[in-house]
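These notes concern the structure reproduced below.
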Amino acid sequence: MSACLTGMLCGVDGSANGEYPSVLKLLKYHTVKLIPFCPEEFSFGTPREMCDIHGGNGMDVLNGKAKVLTESGIDWTEGMIKASKKMLEVAQRENVELAVMMDISAACGSEVIYDGNRYAEDKKYQIGTGVCTAQLLKAGFKVISQRDFAALEILYSKIDDTHIINTDAIDHNDGDWYREYFNTKK
Ligand code: SF4
């Protein structure tokens, strides 16, 4: 799991990037082995600059077609790829069954990321993954985000016999914001 989603203070500003009850509940199950990892902290420490992907998505970064730049323009591409390899190593070593990743991050984003600098006046989002999620997907790992509420409902029902699935829950890509912004149809 993206470490910040577990409450670890590894965000760029030394915070946990907010609180996400949808996945925090996972911490209370003794039957779940949860491995938190923050790829950006691994490569760049905390606190650190904000970074975003320019010229493509996480997969493009791995393929040498896009770059990771900090808000001040420093090229973090190499460090981010190194971090993604470390995350993959951890996932393989621990035989991870499912990765739960913080969406929007240039490292951990699993569905939506910024398209270039998030602080630009004309900031844009794109459908795509961050670099570390791309590395995990490439190796065959399953990934969901903290906003995939329908998938999380299924997950909770698998690990908790008493969990009653909320059938109204929807995944991020079925949500109003996503559908409106990316003009996708139901
Ligand atoms: S790199 Fe991932 S785990 Fe680390 S703070 Fe950003 S979203 Fe969270």
Side-chain angles (χ1 to χ4, degrees), residues 1-27 32-54 56-62 66-72 74-94 96-119 123 125-139 141-149 151-152 171-173 178:
M1 185 185 270
S2 293
C4 57
L5 287 175
T6 69
M8 279 176 63
L9 304 177
C10 55
V12 291
D13 58 357
S15 77
N17 292 328
E19 206 173 89
Y20 294 87
S22 62
V23 290
L24 268 179
K25 270 197 305 179
L26 281 170
L27 272 69
V32 174
K33 185 176 179 189
L34 206 147
I35 299 119
F37 183 74
C38 175
E40 286 189 16
E41 179 167 82
F42 170 78
S43 272
F44 312 112
T46 302
R48 59 186 172 276
E49 280 200 73
M50 184 65 85
C51 65
D52 284 301
I53 299 175
H54 294 248
N57 58 34
M59 203 59 88
D60 296 323
V61 173
L62 294 180
K67 283 185 181 311
V68 179
L69 302 177
T70 69
E71 56 194 286
S72 69
I74 302 168
D75 191 334
W76 274 6
T77 308
E78 202 183 315
M80 190 66 98
I81 292 174
K82 199 170 150 200
S84 75
K85 287 181 179 166
K86 185 66 186 177
M87 192 163 203
L88 177 59
E89 185 193 312
V90 172
Q92 287 172 329
R93 187 186 66 221
E94 300 287 348
V96 157
E97 287 178 73
L98 177 70
V100 183
M101 305 287 276
M102 171 69 117
D103 209 17
I104 300 288
S105 153
C108 297
S110 54
E111 290 177 78
V112 178
I113 53 172
Y114 285 94
D115 185 357
N117 183 359
R118 71 182 67 195
Y119 298 129
K123 72 170 185 187
Y125 297 96
Q126 60 173 315
I127 295 173
T129 71
V131 181
C132 302
T133 296
Q135 191 74 268
L136 293 176
L137 288 171
K138 219 173 132 194
F141 286 95
K142 293 186 178 66
V143 178
I144 61 171
S145 87
Q146 83 281 14
R147 295 192 175 111
D148 286 326
F149 303 115
L152 284 163
D171 285 338
H172 190 32
N173 62 5
Y178 187 104

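We count residues from 1, following the sequence as given. We count ligands from 1, going down the list as the structure has it; atoms in each ligand are counted the same way.
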Donor-acceptor pair, Asp103 side chain versus Ser110 backbone, under 3.5 Å?
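At least one qualifying donor-acceptor pair exists.
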
Checking Glu71 side chain against Met50 main chain: does a donor-acceptor pair fall under 3.5 Å?
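Pair found, side chain donor or acceptor close to backbone of Met50.
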
If the cut-off is 2.8 Å, does any N/O/S atom of Cys4 fall short of it from atom 8 (Fe) of ligand 1?
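A backbone or side-chain N, O or S atom of Cys4 is under 2.8 Å from atom 8 (Fe) of ligand 1.
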
Looking only at protein heavy atoms, identify the closest one to atom 3 (S) of ligand 1 and say how far it is in Å.
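Going by distance alone, atom 3 (S) of ligand 1 is nearest to Ala3 N, 3.4 Å.
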
What pair of heavy atoms forms the shortest contact from [X] to [Y], and how long is it?
X	Y	result
Thr129	Ile53	O-CD1, 4.1 Å
Arg118	Ser105	NH2-CA, 4.4 Å
Ala83	Cys132	C-SG, 4.2 Å

With side chains defined as the heavy atoms from C-beta onward, is the minimum distance between Met80 and Glu40 less than 4.5 Å?
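Yes, their side chains come closer than 4.5 Å.
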
Heavy-atom contacts with [X] under 4.0 Å: which atoms of ligand 1 show up? List them by number with element.
X	answer
Ser2	3 (S)
Met102	7 (S)
Asn17	5 (S), 8 (Fe)
Cys108	1 (S), 2 (Fe), 3 (S), 7 (S)

Examine the proximity of ligand 1 to Cys38 and report which part, side chain or backbone, both or neither, has a heavy atom under 4.0 Å away.
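Contact part for Cys38 vs ligand 1: both backbone and side chain.
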
With the threshold set at under 4.0 angstrom, would you say Arg48 reaches ligand 1 through any of its heavy atoms?
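A heavy atom of Arg48 does come that close to ligand 1.
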
